[in-house]
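What follows is a short report on a single structure.
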Number of protein chains: 4
Amino acid sequence: MAKIAPKDKRQTILDATLTLLASSGFHGFSMKQLAAESGVAVGTIYLYFADRDALIADLHRLIVDDFAARVFKDLNDNLPIKQQFLTLSRNTWDFCMENRNATLSKGQFDHLPLDVLKTRHNDAWKNSLNPLITFYDKGRQANVLKPLPDDVLASLIFEPVIHIATQTQLGLLDINESELNQIIAATWDAVAVSGQE
Amino acid sequence: MAKIAPKDKRQTILDATLTLLASSGFHGFSMKQLAAESGVAVGTIYLYFADRDALIADLHRLIVDDFAARVFKDLNDNLPIKQQFLTLSRNTWDFCMENRNATLSKGQFDHLPLDVLKTRHNDAWKNSLNPLITFYDKGRQANVLKPLPDDVLASLIFEPVIHIATQTQLGLLDINESELNQIIAATWDAVAVSGQE
Amino acid sequence: MAKIAPKDKRQTILDATLTLLASSGFHGFSMKQLAAESGVAVGTIYLYFADRDALIADLHRLIVDDFAARVFKDLNDNLPIKQQFLTLSRNTWDFCMENRNATLSKGQFDHLPLDVLKTRHNDAWKNSLNPLITFYDKGRQANVLKPLPDDVLASLIFEPVIHIATQTQLGLLDINESELNQIIAATWDAVAVSGQE
Amino acid sequence: MAKIAPKDKRQTILDATLTLLASSGFHGFSMKQLAAESGVAVGTIYLYFADRDALIADLHRLIVDDFAARVFKDLNDNLPIKQQFLTLSRNTWDFCMENRNATLSKGQFDHLPLDVLKTRHNDAWKNSLNPLITFYDKGRQANVLKPLPDDVLASLIFEPVIHIATQTQLGLLDINESELNQIIAATWDAVAVSGQE
DNA sequence: AATGAATGAGGATTCATTCAT
DNA sequence: GATGAATGAATCCTCATTCAT
C-alpha cells in the first residue's frame with residue numbers, strides 16, 4: 001500500500017467520517033466502522049483526534065470553512081449587489097452538488113448540544129461567513145435588499161437552495177438549469193426591495 | 001396513582017420521547033430514560049411499540065400529522081391564494097412556536113435510510129400534505145404563483161420560516177411581530193408572480 | 001439454576017471479586033472475568049455497583065468490617081488487658097486462616113489513590129476499629145501497654161501476625177499451634193511494659 | 001541534550017518507573033507515560049527490557065537488592081546481636097525514609113503469580129538477604145533471640161517498622177526520633193529472649 | 001541505537017430487548 | 001397488562017508492542 005503522509009491520513013479519516021455520516025447519519029456511526037472505512041486501525045484515529053466529539057467538531061469546522069470558501073469564490077464586491085447575489089447562490093448550489101456527503105450530513109450537525117451550537121453560530125459569522133455581513137450591509141444601505149436582520153436574509157437566501165439541493169442529492173427531485181435559474185430568481189425576489197428593474 | 005387509559009399511556013410515552021429528543025437529541029436518549037420520563041416500566045414501552053425504531057417512526061408520523069393539521073387550520077380554499085398563503089405561513093410559524101420540542105427535533109428524523117425517506121416523502125404529499133397540492137395547482141393556474149414544481153414552492157415557502165423559527169427557539173434569534181410579517185411577505189415575493197398589487 | 005435473591009447476588013459478585021483479586025491481583029482482573037466467575041452477565045454487575053471503583057470500594061469496606069467483627073468477637077473489656085490482647089491476636093490469626101482470599105488481597109488495597117487511603121484510614125479508626133482505641137487507652141493508662149501512639153501499637157500487634165498468616169496462606173510457611181502461641185507471645189512482649197509477671 | 005550512556009539510560013528508565021509506580025501505582029502506569037517521564041521514545045524502552053513484565057521484575061530485583069545493601073550497611077557481625085539488631089532496624093527505617101518511591105511501591109509487587117512469588121522468596125533468602133540467616137542463627141544459638149523460624153523473626157522485626165515507615169511516608173503518621181527508638185526497642189522485646197539486661 | 005506512528009486485542013461501560021413473576 | 005432484573009452485543013477508548021525509518 002502506498003504510504004500516506006500524516007496530513008493526508010488525517011484528511012482520509014475526516015473524509016471517511018463524512019461518507020459514513022452522509023450515508024447513515026450518527027445512527028450507525030461507530031469508531032470501528034470509521035476505522036474500516038478509513039482503512040486504518042481504531043487506535044490510529046485517536047492519534048489524530050482526541051475523541052469522537054473532537055473528530056465531529058473538526059469535521060464540522062472543516063465543512064463550514066469549505067462551504068464558505070466555495071460560496072465566496074469569484075465574489076467581486078465591486079459588482080452590483082444582484083450580481084454578487086447570483087454568484088453566491090450559484091456557488092451555494094454548486095457546493096451542494098459537488099459535496100454530496102457534506103450536503104447530506106448538514107442535518108446531522110444541527111443537533112449538537114445547545115451551547116455548542118451557539119458558539120459555532122457565532123464563530124461562523126465572525127470568521128468564515130464574515131463577508132456576508134458586508135454584503136448584507138451594503139445591500140440594505142443601497143436600499144436594494146430589504147431591511148431584515150442578517151440571519152433572516154441568510155435564511156431566505158440559502159435555506160431554500162440548500163434544501164432543494166439536498167432533495168436533489170437524495171433523488172427526490174430533479175432540477176435542470178432553467179429551473180435552477182428560476183429558483184435563484186425567486187430567492188432574489190424574496191430579499192430584494194421590489195420595484196427594481 | 002390514577003389509572004391511565006391505554007390510549008393515554010401510549011400518548012404519554014410519545015410525549016416523553018419528544019421531550020427527551022428535543023432536550024438532548026438521540027444522543028443521550030435511552031429506553032430506560034424514556035421509561036423514567038414516562039413514568040412507566042421499561043417493559044411497558046414494548047407493550048405499545050414493537051421496538052425503538054417503531055417508536056421513533058410513530059412519533060415522526062404523529063408530528064407530521066400534527067404539523068399538517070395545524071398548518072391547514074382555518075384554511076379556506078375559497079379565499080384568494082395570497083390570503084391562503086398568509087394563513088399557511090402564519091400557521092407554520094405558530095406551530096413552531098407552540099411545539100418547541102417538535103421543532104427542535106426536526107433534524108433528528110432526517111437520517112433514516114434513503115428508501116424510508118422516499119416513502120415518507122411520498123406518503124406525506126399523498127396524505128397529510130395533500131391540500132398543498134391543490135393550493136399550488138390553483139395558484140399556478142391563476143398565474144399568481146410562479147410555475148415551479150410543488151417541492152420547490154414548498155421549499156421557498158416553508159424552509160425559511162421553519163429555519164428562522166428554529167433559531168428563535170434556540171435563542172439565537174429574536175423575531176417580533178413586525179419582523180415576522182416582513183419575513184412572510186418576503187417568502188410571498190419569492191413564490192408570487194411579480195407585478196401583482 | 002436455583003434463583004438467587006438480589007442480596008445474595010450482590011454478595012456473590014463481591015465474593016467472586018475477592019476470589020479473583022486473591023488469585024491474580026488487580027492485574028488480570030476484568031469485569032468480564034468477574035462476570036464469568038460470578039455466573040452473571042457483565043451488565044448485571046452494573047445493576048449492583050455503579051462502576052468498577054465502587055465495587056472495589058464496597059468490597060474493601062466489607063472486608064474491613066468483617067475483619068473488625070471477627071477480631072472483636074468474644075472480646076470482654078472487663079478482662080485483663082493481656083487476656084483481651086490474646087483474644088484479639090488469636091482472632092486476627094483465625095480471620096486470616098478462615099478468609100484466605102481477603103488475606104491475600106490485603107496488599108491490593110494498599111495502593112489506592114492517596115486521598116482515598118487517608119479517608120479510609122480515618123473512617124476505619126472512627127468506626128469499625130473504634131474498640132481498639134479504648135483497648136489501647138486502658139492499656140496505656142494501666143501502665144500495661146507501652147506509651148506509644150495507637151497506630152504504632154496496631155502495627156506492632158497486627159502486622160507480624162497478618163504477615164505470617166499471609167505467608168502461611170501462600171504456602172511459604174507452616175505454623176503449628178505451639179509456634180503460633182510463641183508468635184503471639186512475642187508481639188505481647190513488643191507492646192507490653194516489661195517487668196510484668 | 002547531553003548524551004546518556006546506555007547503562008545510565010537503563011537506570012533512567014528504572015528510576016522513572018519507580019517514580020510513576022509510587023505516585024500512581026500500577027493504575028495509570030503506561031509505557032507511553034514511562035517514555036515521557038524517562039525522556040526517551042517508547043520503542044527505546046524495548047531495547048533495554050524484553051517487555052513490561054520484565055521491566056517490573058527487574059525493578060523489583062533492584063529494589064530488593066538496594067534494600068539489602070542498605071540494611072546491611074555498617075553491619076559488623078562481630079558486635080553483639082543487639083547491637084547488630086539496632087543497626088539493622090535503623091537501616092531499615094532509613095531506607096524507607098530515603099526511598100519513598102520504593103517504600104510506597106512495595107505493595108505493588110505483591111501480586112505476582114504464586115510460583116513467581118515462591119521463587120523470589122527463596123532467591124531473596126539465598127542471596128541478598130542471606131546475611132540475615134547468619135544473624136538469626138547466631139542469635140538463637142546464643143539464646144539471645146527466641147527460637148523462632150527465620151521468616152517469623154523477620155516478620156516480627158521488619159514488618160512493624162516498614163509498616164510504620166510507610167504510614168509516615170503517606171503522611172498518616174508522624175514519628176520523631178524518640179518514638180522511633182521506642183519502636184525499635186519494642187521490636188527487640190518481641191524477638192529477644194526476656195530476662196536479659 | 002533510537003524513534004514514534006501504527007496496530008488491534010482487550011478494557012470498562014451502556015443499552016435495547018426479553019421474560020419470569 | 002405491568003414490571004424491572006437480567007442479558008450480552010456493541011460502544012468508545014487505551015495501551016503494550018512492533019517495525020519502517
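Keep in mind that this is a model prediction, so the values were computed, not measured. Numbers restart at 1 for each chain; the letters A, B, ... are given by sequence-line order, proteins then strands.
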When you measure from the side chain of A:Y46, which nucleotide among E:dA5, F:dC12, E:dT13 comes out closest?
F:dC12
Does C:S105 use its side chain to pair, donor to acceptor, with the backbone of C:A102 at less than 3.5 Å?
no
Starting from P on E:dC19, measure out to CD1 on B:I45 and report it in whole angstrom.
17 Å
Across all chains, not counting sequence neighbours, the side-chain hydrogen bond (donor to acceptor under 3.5 Å, both in side chains) partners of C:N101 are C:T19
Report yes or no: does C:R52 contribute a side-chain atom to a donor-acceptor pair with the main-chain N or O of C:M31 at less than 3.5 Å?
no
Pairing pattern in dot-bracket form [Watson-Crick, G-U; both distances under 3.5 Å; | = partner strand] for DNA chain F
.||||||||||||||||||||
Whole-Å distance separating the CZ atom of B:R10 from the P atom of F:dA2
13 Å
Residue pair C:T12 / C:S38: nearest heavy atoms and the distance that separates them
CG2-O, 3.7 Å
Can you check the C:I13 CD1 to E:dT13 P distance for me, whole Å?
14 Å
C:L34 side chain near C:L55 side chain, heavy-atom distance below 4.5 Å
yes
Atom-pair distance (CG on A:L34; P on F:dT11), nearest Å
13 Å
How close or far is atom P of E:dT18 from atom CG of B:L47, stated in whole angstroms?
12 Å
Pick the nucleotide of DNA chain E nearest each of C:K32 and A:V42; which residue has the one closer to the 5' end?
A:V42
For D:F29, which contact category applies under a 4.0 Å heavy-atom criterion: base, sugar-phosphate, or nothing?
sugar-phosphate
Write down the distance between NE2 (A:H27) and C1' (F:dT11), rounded to a whole number of angstrom.
13 Å
Side chain of D:S30: nearest nucleotide among F:dC15, E:dT18, F:dG1?
F:dC15
Is any side-chain N of the basic residue among A:R61 and A:D123 closer than 4.0 Å to the acidic one's carboxylate O?
no
With the side chain of A:A41 defined as its heavy atoms from C-beta on, choose the nearest nucleotide among F:dC15, F:dA6, E:dT7.
E:dT7
Return whichever of B:D53 or C:M31 has its heavy-atom-nearest nucleotide of DNA chain E closer to the 5' end.
C:M31
For the side chain of C:R52, starting at C-beta, report the closest nucleotide among F:dA2, E:dT13, E:dA6.
E:dT13
Of all the nucleotides listed (E:dA2, F:dT3, E:dT7), which has the minimum atom distance to the side chain of A:V40?
E:dT7
Spell out, as yes or no, whether a donor-acceptor pair under 3.5 Å connects the side chain of C:T103 to the backbone of C:N99.
yes
Atom pair distance, as rounded to whole Å: CG in A:D8 and P in E:dA5
16 Å
C:K9 NZ to F:dG4 C1', in whole Å, measures 12 Å
Test item: A:S30 side-chain N/O and A:Q33 main-chain N/O as donor-acceptor pair under 3.5 Å:
yes
How is A:T44 classified with respect to the nucleic acid when contacts are heavy atoms under 4.0 Å: base, sugar-phosphate, or nothing?
base
Looking only at side-chain atoms of B:Y48, point me to the closest of E:dA5, E:dT17, F:dG1.
F:dG1
